[in-house]
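Working notes, beginning with the structure itself.
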Amino acid sequence: MTLRELDSRTRRWIAIGVVAAIAVCAIAFPFLISSYALYQFNVALVLAVGVLGLNLLTGYAGQISLGHNAFFAFGAYTFAILWSHGVNYVVALVPAFAVAMVVGFVIGLPALRLKGLYLAIVTVGLAITTEPLINRLTPLTGGPQGLIVIQPAPPDWTGLTTGQWLWLITAAIAVAVFVMARNLVRGRVGRALIAIRENEVAGLTMGVDVAAYKTGIFALSGGLAGLAGALYALVVGFVGPGSFTLIFSIFLLVAMVIGGLGTVMGALVGATVIEFLPTWASGINQSLSSIIYAAALILLMMVARGGLIGLLTSATVRVLRQPKARLFADSAQPRGAAEESTTRSQSRELPPKGRRS
Amino acid sequence: MQEPTRRTTQFGSALIALFVLAACGNSGNNSTQTASSPGITDTTIQLGETAPFSGPLSFGSALPKGAQAYFNYINQSQGGVKSGDGKRRKIDFITVDDQYDPARTVQAFKQLVEEKQVFADVLSLGTVTVSAVRPYVNQQKFPTLFISSGAAMWANDAKTYPWTMGLSPDYTTEGAILGRYLTTKKPNAKIAVLAQAGDVGIDYQAGLKRGIAGTNASIVATETFNPTAAATVDSQMSKLANSGADSLLIISTANTAAQALKKTGELAWHPTVLLVASAAVIKSVLIGAGVQNTTGSIAAGWFKDPLDTQWANDPDMTKYRSLLAQYGPGLDSNDGLVLQGWVGAEMVVEALKTMKQPTRQSFLDSARHLNTGVPLLLPGVVPTADGLNSPTMFRKLPIQRFNGTSLEVISQPVAAP
């Protein structure tokens, strides 16, 4: 008996059940774990929102961005400055999202003409100007000193700690963002983005407005990164230029690939891995932590080329004895996961298929 | 039709991954509270420190390594440190990497306070890093003491933030002492200032102004540079040389100071040079930039530079080198940061000795009233902390003059005006 053989109503109930279980876990979570672990999970959740934004752009639409640190920074500083000037912290999230979205839109314009690595270079330019720009705007941003972000106290009637309260805020926003992204990629927009990634000309022929989608997805991706940046400032309680360097963008890319390129839930898993892996590595040996971290990343990429979501999905499928994993390779199927399950189910003798020729 | 299945498996996969990680994340939290404050029992005391062990500033990890070597020495040769309550405790020193990124420092402190539940944090490295956690540690009443930073904010805001205290001499104090000394030698000094942008530069300049206030000396030119940029300071130096100044205060790290001093030689400009502690390094700066350019330079230091030949046969220095070889194998005894960590750890141990009860409050009181000197401080330098009346570790510093080979101590420690 496999899930596929169930009728559609049962399947819907299963899906609702899983979503409900996640919601219950998300709400119960902060009461079950230590405050420090909760903080780490909260940071991971915030990063996941940013990684999701990047994944929509890179994983789905195939546009490489190394400049997401800048969107994070725009969001984080917009939020921190507004909140310190008395704007309600929930309200301040909106302009943080909007400012980063506008920047994303502007950066998306060159993407209309530039492709692949050339576009990546443009975004590198954005990435490396972030820190000097923050330092230049010292009266506003605090320069190298950064800004301390006061964490809001939870309402008295809740009886929650600050950490638990922040978790509930970020969890609510993250769930909304993930549901939105899921709906987006499963429909017309998702197909259009994949068409742009796979073959722009073909997409154009099929009536996809490539220019609109490209700038649109850049704006949305930037906006989500900005929102994540604002939440990051809120959860960490501090923003500084050192947090938003080029290397931060690279870690977002790493999280995206580890989680699973072109998967929505992969963002959550990838962000969790990059949040916990360094702590785990330095727990083993402080001076070798970077090497252990790097080795773990290489190992992960060797065993899970389609990302952890790809690996777990194909493993689950195998457990469920799905006869033809190939059936999953429908149009909206994430690239990594599809390749992973098809190559694996075909033959172990075959050499691994290249990601993209 | 296949959609829900894929979705379910994806959700399921994500859920499994999260719980596996949750299980990992939770392990290792096994501290129990047996004494009146967390992190201390009748036999051990847990102290934390944050420092950059990785990233571009990872050389800073030499400081906690030096401190660890001293704690090893105390633990192994004396069985720990005996506090005012008569109990002897071994020091369990827990260091956390923050890569000198304040956002990571926040996480590192949450780990120390909430997960590891250590007794206190000592010697944490950096101004921007520790200032990011200042509201948090004060709200938690978590002692964050002997901070390896001379920023003026620790002392200036001591009433608002009593749980944070710096170790290094206050930059403003040091600047004032240098300025005042200059006016005794050159009452009409015209001073040029080369300052790094940011709080360190601002603190020192505030000190210099205080030091020369009420005298005929004046600041005639100020040039700043960005400490994180790779550019040289040649153009700044040319402008300063053309200002007609007869004295020069250099507020920078060693590399930039060496560059600036070399440039004074090229410009045939011979001002009286005042160097801040981070620039007054014998080998790389004072000898490296050419003794013809640096002889006569003035500094106000607080501990002995291991590369200064005048301490080559100093008994304290000799003892330090042999103990370091034994308890910190692999560490470079000539590295000033290792020595600074060792000296800082000695002062931490002195504060633990006078701690009356095994509580965080008692440790804070003890550190804020520390008056015991340790061997590797410059002659005459003793901590003079006096609660919130005098919230810095060192109020008086001796004047040093570079004589071509050594930074000779030419005065008793003097107080800042």
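Residue numbering restarts at 1 for every chain, and letters A, B, ... go by the order of the sequence lines.
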Looking only at heavy atoms, which two atoms of A:Gln145 and B:Asp199 are closest? And how far apart?
-> OE1-OD2, 2.6 Å
A:Ser282 versus chain B, the contacting section by heavy-atom distance below 4.5 Å = neither
Within 45° of the six-membered ring axis of A:Tyr36 and under 6.0 Å from that ring's centre, is NZ or CZ of B:Lys110 located there?
-> no
Can you sort out the partners of B:Ser168 under side-chain hydrogen bond (donor to acceptor under 3.5 Å, both in side chains), two or more places apart, ordered by chain and number?
-> none
If contact means a heavy atom pair closer than 4.5 Å, which residues of residues 132-143 of chain B contact chain A?
-> B:Ala132, B:Pro135
Sequence neighbours excluded, every pair satisfying side-chain hydrogen bond (donor to acceptor under 3.5 Å, both in side chains) that has a member inside residues 48-60 of chain B | B:Thr50-B:Ser124, B:Ser54-B:Asp97, B:Ser54-B:Gln99
Taking all non-hydrogen atoms of both residues into account, name the closest pair between B:Val106 and A:Val236 and its distance.
-> CG1-O, 3.3 Å
What is the minimum heavy-atom distance between B:Ala103 and A:Phe238, and which atoms define it?
-> N-CD2, 4.0 Å
Of A:Ser289, A:Gly237, A:Gly240, A:Gly242, the largest count of non-hydrogen pairs under 4.5 angstrom with chain B goes to A:Gly242
Any side-chain donor-acceptor pair under 3.5 Å between B:Gln107 and A:Glu275?
-> yes
Sorted by chain and residue number, the side-chain hydrogen bond (donor to acceptor under 3.5 Å, both in side chains) partners of B:Trp154 (sequence neighbours excluded) come out as B:Ser149
Given that the side chain runs from C-beta out, which part of A:Thr279 has a heavy atom under 4.5 Å from chain B: side chain, backbone, both or neither?
-> side chain
Could you tell me which of A:Thr245, A:Val149, A:Ile148 has the largest number of non-hydrogen atom pairs under 4.5 Å with chain B?
-> A:Ile148
